[in-house]
Amino acid sequence: MATVPMASLSNGQLIPVMGMGTMSAAGPEATRTAIVEAIRAGYRHFDTSYSYGTEKPLGEGIREALEAGVIKSRDELFITSKLSCGFADPPVVVDGIRGSLRNLGLEYVDMYLIHMPLKLNPQVRRIPVAKEDIFAMDLKGVWEGMEEGQRLGLTKAIGVSNFSPRRLQELLSFAKIPPVINQVEMSPLWHQNKLREFCKQKGIHITAYSPLGAVGTFWGHNKIVDSDVIAEIAKLKGKTSAQIALRWVYEKGASIVAKSFDKERMRQNIDIFDWSLTEEESAKIDQLPQHKAVVFANIYGPHDVVLQLDAEL
């Protein structure tokens, strides 16, 4: 079983630097099975969201792992969930956290994030969405709800996802409890240099999602796993292109959420901590042309609030 290093957050929490993503259309049974397998492999951080529909099978997988003695206590795990855009309304934020906890069958999560700075009509069930169903968020009111969730002990810490420096600056201007994490797309083809520098100055830890370019999704690309530069480095080191990409992200100081339900790739993704890239190898990746994988307008529709978010990220 692999051992995953920890990163220290500004509030004193420790987060495993490699997490397992659970956004999947594989279905609840496949998700539950993958969670148990991941815990056996050494994963201790699991990332979900109300909007993924995977909180229940994640909770079931955790209980199965506990019953099988793979872990002795839920406290060995770091569980992240997120406030869906349908709950991004001040009066119902705490209800959103409680809903996630009910799905998970847990008393608390370790990290609860605003999924993105947008509000959706809670009746929306499909994407793309109509213009009249997506809005700018009341960030101050929503953040007060997030702070209340932490005060109530429903989550140990709070943070955000898909927040640009401008939106973080706005949030920091009134937050009584500052965000400890910003989870954003980051990969060898989307470096996020300005955002990473801003977050470093503010003590906000970056968690990278889609570190392999969201390969396998309808919005993602294969440009990382098909990169000749990365493939050449991988061949020299006897690693996979995915391992090289994940190691590059880790060496930039971010923690990672990567999703694979394939048993072999799951183990490969976690096997990146006992070797390193040379300065020359890292520099070659630093020079790759940039190509964003997650364009929200392609998912939600080209509405003004969405286009503005894409332009900032």
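Bear in mind the structure is a predicted one, so any value in this text is a computation, not a measurement.
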Verdict with supporting geometry, Glu144 and Glu147, side-chain contact (heavy atoms from CB on, under 4.5 Å): CA-CA 5 Å; Glu144 285 169 357; Glu147 292 173 327; 4.2 Å; yes
As an exercise, state the distance from [atom1] of [X] to [atom2] of [Y], rounded to the nearest 0.5 Å.
X      : Y      : atom1 : atom2 : result
Gln268 : Lys263 : CD    : NZ    : 13.5 Å
His221 : Ser187 : NE2   : OG    : 5.5 Å
Asn121 : Cys85  : CG    : SG    : 12.0 Å
Ile230 : Lys239 : CD1   : NZ    : 16.0 Å
Arg247 : Asp271 : CZ    : CG    : 10.5 Å
Ile71  : Arg74  : CD1   : CZ    : 9.0 Å

State whether the side chain of [X] and the backbone N or O of [Y] hold a donor-acceptor pair below 3.5 Å, judged by distance alone.
X      : Y      : result
Glu251 : Ser276 : no
Asp47  : Gly21  : no
Gln192 : Trp190 : no
Glu185 : Ala293 : yes
His303 : Val129 : yes
Glu67  : Glu64  : no
Ser282 : Glu279 : no
Ser210 : Gly213 : no
Ser255 : Val17  : no
Thr155 : Ile158 : no

pair [X]-[Y]: side-chain heavy atoms closer than 4.5 Å:
X      : Y      : answer
Gln183 : Val160 : no
Thr31  : Leu58  : no
Asp110 : Ile15  : no
Phe163 : Leu171 : yes
Glu37  : Ile35  : no
Leu172 : Pro178 : yes
Phe296 : Leu313 : yes
Leu113 : Met111 : yes

Is it true that the side chains of [X] and [Y] contain a donor and an acceptor less than 3.5 Å apart?
X      : Y      : result
His45  : Thr80  : yes
Tyr300 : Asp133 : no
Tyr112 : Lys156 : no
Ser81  : Thr48  : no

Please step through side-chain contact (heavy atoms from CB on, under 4.5 Å) for the pair Ser241 and Ile224, ending with a clear verdict. CA-CA 8 Å; Ser241 289; Ile224 294 170; over 6 Å; no
Please determine whether residues [X] and [Y] belong to a single hydrophobic cluster, defined as Ile, Leu, Val, Met, Phe, Trp and Tyr linked transitively by side-chain heavy-atom distances below 4.5 Å.
X      : Y      : answer
Phe261 : Met18  : yes
Ile204 : Phe174 : yes
Val180 : Tyr209 : no
Met20  : Met6   : no
Leu189 : Ile272 : yes

Does a salt bridge link [X] with [Y], judged by any charged N lying under 4.0 Å from a carboxylate O?
X      : Y      : result
Asp138 : Lys119 : no
Arg167 : Glu312 : yes
Glu76  : Lys72  : no
Lys56  : Glu60  : no
Asp286 : Lys252 : yes

Could you tell me which residues satisfy side chain to side chain donor-acceptor pair (under 3.5 Å) with Asp310, sequence neighbours excluded, listed by chain and number? none
Assess whether side-chain contact (heavy atoms from CB on, under 4.5 Å) is satisfied between Asp262 and Met266, documenting all intermediate values. CA-CA 6 Å; Asp262 177 85; Met266 190 190 289; over 6 Å; no
With side-chain hydrogen bond (donor to acceptor under 3.5 Å, both in side chains) as the criterion, how do Asn11 and Gln13 come out once you've worked through the C-alpha distance, each side chain's angles and the decisive distance to 0.1 Å? CA-CA 6 Å; Asn11 64 348; Gln13 265 183 313; 3.0 Å; yes
Check whether more than 12 heavy atoms from other residues, nucleotides or ligands sit under 6.0 Å from atom [atom1] of [X], and answer yes or no.
X     : atom1 : result
Arg63 : CZ    : yes
Arg40 : CZ    : no
Tyr50 : OH    : no

For Phe87 and His115, run ring-ring contact (aromatic ring centres under 6.0 Å, His included): C-alpha distance rounded to whole Å, both residues' side-chain angles, the deciding distance at 0.1 Å, then the answer. CA-CA 10 Å; Phe87 282 106; His115 204 151; over 10 Å; no
Tell me which donor-acceptor pairs under 3.5 Å the side chains of residues 88-108 have, and how far apart each pair is, sequence neighbours excluded?
from, atom 1, to, atom 2, distance (Å)
Ser100, OG, Glu55, OE2, 2.6
Asn103, ND2, Glu55, OE1, 2.8
Tyr108, OH, Asp75, OD1, 2.7

Please determine whether side-chain contact (heavy atoms from CB on, under 4.5 Å) holds for the pair Met146 and Ile177, giving the CA-CA distance in whole Å, both sets of side-chain angles, and the decisive distance to 0.1 Å. CA-CA 9 Å; Met146 297 284 285; Ile177 304 173; over 6 Å; no
Looking only at heavy atoms, what is the nearest atom pair of [X] and [Y], with distance?
X      : Y      : value
Pro211 : Ala258 : CG-CB, 4.2 Å
Val249 : Ala208 : CG1-CB, 3.7 Å
Val184 : Asn162 : CG1-N, 3.8 Å

Would you confirm whether the ring centroid of Phe78 sits within less than 6.0 angstrom of the ring centroid of Phe46? no
Aromatic plane relationship, His191 with Trp248 - under 30° parallel, 30 to 60° tilted, over 60° perpendicular: tilted
Could you check Thr22 against Thr54 for side-chain hydrogen bond (donor to acceptor under 3.5 Å, both in side chains), going step by step and ending with a plain yes or no? CA-CA 6 Å; Thr22 63; Thr54 56; 2.9 Å; yes
